[in-house]
Amino acid sequence: MSDRDEELFALLSRASQEVAGRRLEGIDMNARLADFGIDSVGVLEMVGYVEDALSLRFPDDEIARLATVRDVAALIERTRRVAEAAG
Amino acid sequence: MGATPREVQTSYDAGNEFFRLWLDEGMSYTGAMFAGDEPLEAAQRRKLAWLAGAAGVRPGAAVLDIGCGWGACLEFLARERGIRRGHGITLSPAQIAEVRRRGVPGIDAEQISYADYRPAEPFDALISIGMLEHVVAPEEAHAGRSVEIYRRYFRLAHGFARPGARFGLQTIVRDRIPRIAADARELGWATRMIFPGSIAPRLEDLVVSVAPYWEILELRTGRDDYRRTCLAWLARLRDNESIIRERFGGERFEEYERYLAACVRSFEKGYVSLCRFALRRIDEQE
């Protein structure tokens, strides 16, 4: 597991603490967000927390397709690339 | 696939007399199209006229209305556009009863899903207003099946129409994702309570799905039109508060007041928008 993965897991865990009042146990890249007992609205709240923490704004159509932790990692990566390319 | 008949009936069989107390006189339960300060009645007629134009409806035509509601569009087409035949399909028995009560010559409706419908003769024009929101269920959307299901819908609609036919289509679309938790929860509540089993499409999914079967001639959004429509419904609901409480119970009034207020805010904030399409059937090239 890379440092970057660890950072993401810690960030999602803080987001869950904020939104659902509990940290995430046993998180890995393949974990599905729904399996942590977080409903679809909770996922949106977590996304808002992650956006604020990373100073990013994810495209809405991509948020609608998030299912796993890996999806979140990939979305952060893509959004960063677009932000950097746009200066 | 999509909302079940029982779920659709939760949305539309809450009593025709109840809806009559806060919709316009024609009973259109979909976003209107406003010009200036005109009242809801005029804005609903303007919307129907736009969609009739989008569908290329001519006098003497046979028109299919997919998800015909209480028959506002079919009656408009018969009385204002002189169609020969207007056929509606819906999953709501209460809506069919209202279409028939109107007694408009050449107009009828039947209880059948678009997925099972196979007309004996192709129609000259198609119209569908506020029905596409029921085609995909929330769990299907979350499983990434939206495009596949919308493609099937547009393929079936292609088969309902004659070559070269046009299709006037209006639907709510999901747009911005709410980042304000209270808004997200309220929108989620409204959808589950009032429209269980349904989820509005995303515009990008429609653009992809429609392509093999229908050419987009025109696309017009109407987010503010729908906000104003919901505001008008909410005002009428509140004007009739005492009657609604007495005849349908306090809970019904409070539920619909909360739902319409959530809709106003959702259109205002851009969580949802409205799309109107003029589509033309794609046929094999000569």
Side-chain angles (χ1 to χ4, degrees), chain A residues 8 11-24 29-80 82-83 86, chain B residues 132-133 135-150 171-193 195-209 221 223 258-259 262 265-267 269-273 275:
Chain A
L8 174 65
L11 176 61
L12 288 178
S13 196
R14 284 201 301 281
S16 169
Q17 174 78 44
E18 182 75 16
V19 168
R22 61 173 188 282
R23 300 186 80 81
L24 302 180
M29 278 296 178
N30 296 319
R32 296 180 66 82
L33 299 169
D35 293 343
F36 292 110
I38 299 164
D39 64 12
S40 56
V41 174
V43 169
L44 299 184
E45 287 183 67
M46 284 179 62
V47 164
Y49 182 93
V50 171
E51 284 182 319
D52 290 346
L54 301 178
S55 300
L56 293 173
R57 192 79 171 161
F58 302 132
D60 295 275
D61 62 310
E62 301 223 37
I63 297 172
R65 295 173 217 286
L66 290 178
T68 65
V69 172
R70 190 182 307 282
D71 294 339
V72 179
L75 178 56
I76 291 171
E77 213 41 53
R78 278 198 302 279
T79 309
R80 275 194 171 129
V82 171
Chain B
L132 205 57
E133 297 90 325
V135 166
V136 170
E139 54 272 22
E140 291 167 334
H142 297 138
R145 295 190 53 212
S146 297
V147 166
E148 158 202 342
I149 297 170
Y150 293 129
T171 180
I172 295 172
V173 291
R174 285 179 289 148
D175 196 354
R176 306 307 314 277
I177 302 271
R179 267 73 163 188
I180 300 168
D183 286 358
R185 296 212 175 273
E186 205 57 13
L187 186 56
W189 172 85
T191 307
R192 277 193 311 279
M193 285 298 293
F195 294 106
S198 299
I199 187 167
R202 292 196 61 86
L203 174 56
E204 61 271 17
D205 286 346
L206 295 184
V207 170
V208 169
S209 311
T221 64
R223 179 164 68 85
R258 181 178 166 189
Y259 142 65
R265 183 162 173 82
S266 296
F267 284 106
K269 302 287 284 182
Y271 302 146
V272 284
S273 185
C275 283

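Keep in mind the model is a prediction, meaning the values are calculated, not measured. Chain A is the first sequence line, chain B the second, and so forth, proteins listed ahead of strands; every chain is numbered from 1.
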- Note on the structure: Most heavy-atom pairs under 4.5 Å with chain A, out of B/Ala143, B/Gly188, B/Ser146, B/Ala181, belong to B/Ala181
- Task: Any chance you could measure B/Arg202, atom CZ, to A/Asp61, atom CG, to the nearest 0.5 Å?
- Result: 5.5 Å
- Task: Working to the nearest 0.5 Å, report the span between CG of A/Asp52 and CZ of B/Arg179.
- Result: 9.5 Å
- Would you say A/Arg65 has more than 12 foreign heavy atoms packed within less than 6.0 Å of its CZ? yes
- Contact part of B/Asp175 toward chain A, heavy-atom cut-off under 4.5 Å: side chain, backbone, both or neither? backbone
- Item | Exercise: identify the closest heavy-atom pair between A/Asp60 and B/Ile177 | OD1-N, 2.5 Å
